[in-house]
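Throughout, protein chains are lettered first and strands after them, A, B, ... in sequence-line order, and every chain is numbered starting at 1.
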Amino acid sequence: MLRLLDISKTYSLKAVLRGVYLELKDGEAFVLFGPNGAGKSTLLKIAAGLMSPNTGRVELTTDSHSHSSIFYIGHKNGLYNELTVLENIRFFQDITGSRNSNTILREILMEFGLWQRRNDPVKQLSQGMKRRLSLMKGFISGADLLLLDEPFSGLDIRWKEIILERLRGLKKQGVSLLMVTHLIKEGLSIADRIGLLENGILRLQCKTEEITEEEIKEILRGGVCR
Amino acid sequence: MGFVGNTFAIVKKDLLLELRAKEAISIMVFLSLLLLVVFNLSVEIDTENVSRLAPGILWVVFAFSGILGMGRTSLSERDDEAYLNIYFSSVNMESFYLAKVISNLLFLLLMEMFTIVSFVILFDYERLIFALAPLSLPLLLGSFGFSVVGTLFSFLSTGSRFGEIILPFLFLPVVVPILLGGVSSTDIILNGSGGDSPAKWLKILLVFDLLYFCISLILFRYIIEE
């Protein structure tokens, strides 16, 4: 479904990504770990088509490269702060053609803990609520591939669990996930495969069962890859 | 939703945002009033020369106030990277561009109505009100041209750190033919100017509107992707 072939990216003569190969199959979840500045977010943006690589190419084999088959949630939430929760969702549904009935929308908003705040402007919500609303858009987008950059930022432990459960549900439906996170435990709980990016090089790619949380932590602390 | 539906959804969202935030309109209206007061104090205008000076003053106010407001509408998309919702939806970039042009055109026309009424009051020039019907065509064509160019450049410049400063420098040289067409046709309508017909200038306005619209429609996609 998604193939990143020999991706390299340079910012102001500094190599951020160096010859990264990555393949993501339908319904697969790939989680990228790595220290700050390793190039994880850049790789995600390149995969999303938001940034061009200096060398290499991105192959996406869904719905004739239409943007609607993928959805990207970055560090920012992509919300209109002056509009209410409901208005943001309604607009999103209008442009993605994913309009649900009022009953389903109510259920989703309740599931994400936003029903009581549905008529409040987004600017009045907490960071965690904004993040939930942002993730909710991704979940209702109907995209085949979700690209998530630190999706759990601002979420408390309860909401992390709920979001993880939702992501597992999406995977079962055949949605592919490419996720960047610093939360190793949460990442491992959803991933089929993981990758470790360091100084722009994908040092390690393996199945989740082939590595433990401790081993990832050890590598990230500066240890050597197996 | 199709092209028209998507365009309508974005225009509706922009109007709702403006209704809540009142950013673009209030900035435009405030600046237009400020500029009119400055002209009122600095230029010796009396009943003899007001008719001659009105076209130039009006179009200068339209151009400067307009560009400030158009900058705000693109900022609302850049804030929190909300435009990514549109980028990753089924909306094509041409539809997005057209919607922003329509939104900006509506805001410009509102500002222009306010400016005209303010001009009538400040300069005691009632004739302008009675000339509104023949003036409506140059106003519409000129505003459309401003909106077409301003929308493109506002998205181009808001990506940069000094976006709001750069915007007038990009916008004003390009809209010179529109300013010229607007001032000349308004002058002919208000003053007769030797029995000339405004048709020639309206045709020039129309040609530049179409030219700028076609070029901007092609370029907008690249600006968003950059």
| field | Gap between atom OG1 of B:T7 and atom CD1 of A:I95 - 0.5 Å precision | value | 11.5 Å
| message | Rounded to the nearest 0.5 Å, what separates atom CG in A:N77 from atom CD in B:E81? | response | 10.0 Å
| field | Atom CZ of B:F64: over 12 foreign heavy atoms under 6.0 Å | value | no
| query | Rounded to the nearest 0.5 Å, what separation is found between the CG atom of B:N85 and the OG atom of A:S134? | reply | 8.0 Å
| Exceeds 12 heavy-atom contacts within 6.0 angstrom, atom NZ of B:K12 | no
| query | Can you find a pair of side-chain heavy atoms, one from A:Y80 and one from B:E77, that are under 4.5 Å apart? | reply | yes
| request: Any chance you could lay out the side-chain contact (heavy atoms from CB on, under 4.5 Å) test for B:L84 and A:L50, step after step, and finish with the verdict? | output: CA-CA 9 Å; B:L84 289 181; A:L50 294 171; 3.4 Å; yes
| query | For B:F3, does the CZ atom sit with more than 12 other heavy atoms under 6.0 Å from it, leaving out its own atoms? | reply | yes
| Is the backbone N or O of A:K76 less than 3.5 Å from a side-chain atom of B:D80, with the two atoms forming a donor-acceptor pair by type? | no
| Is the backbone N or O of B:N6 less than 3.5 Å from a side-chain atom of A:D94, with the two atoms forming a donor-acceptor pair by type? | no
| field | Interatomic spacing from CG in A:L147 to CZ in B:F88 - rounded to 0.5 Å | value | 7.0 Å
| request: Look at atom NZ of A:K171 and say whether more than 12 heavy atoms of other residues, nucleotides or ligands are closer to it than 6.0 Å. | output: yes
| task | Please indicate whether A:Y11 has more than 12 foreign heavy atoms, meaning atoms of other residues, nucleotides or ligands, lying under 6.0 Å from its OH. | result | yes
| said: Does B:L41, at its CG atom, have more than 12 non-hydrogen atoms belonging to other residues, nucleotides or ligands within less than 6.0 Å? | reply: yes
| query | More than 12 non-hydrogen atoms from neighbouring residues, nucleotides or ligands closer than 6.0 Å to CZ on A:R168, yes or no? | reply | yes
| request: Show your reasoning for whether salt bridge (Lys or Arg N to Asp or Glu O under 4.0 Å) applies to A:E82 and B:K22. | output: CA-CA 10 Å; A:E82 300 291 337; B:K22 297 176 186 72; over 6 Å; no
| Structural part of B:D79 lying under 4.5 Å from a heavy atom of chain A | backbone
| said: So for B:L19, is it side chain, backbone, both, or neither that comes closer than 4.5 Å to the heavy atoms of chain A? | reply: neither
| query | How many angstroms lie between atom OG of B:S89 and atom NZ of A:K137, to the nearest 0.5 angstrom? | reply | 11.0 Å
| Heavy-atom side-chain proximity of B:K13 to A:R90 below 4.5 angstrom | no
| message | Which atoms of A:F92 are under 4.5 Å from chain B, going by heavy atoms: the side chain, the backbone, both sets, or neither? | response | side chain
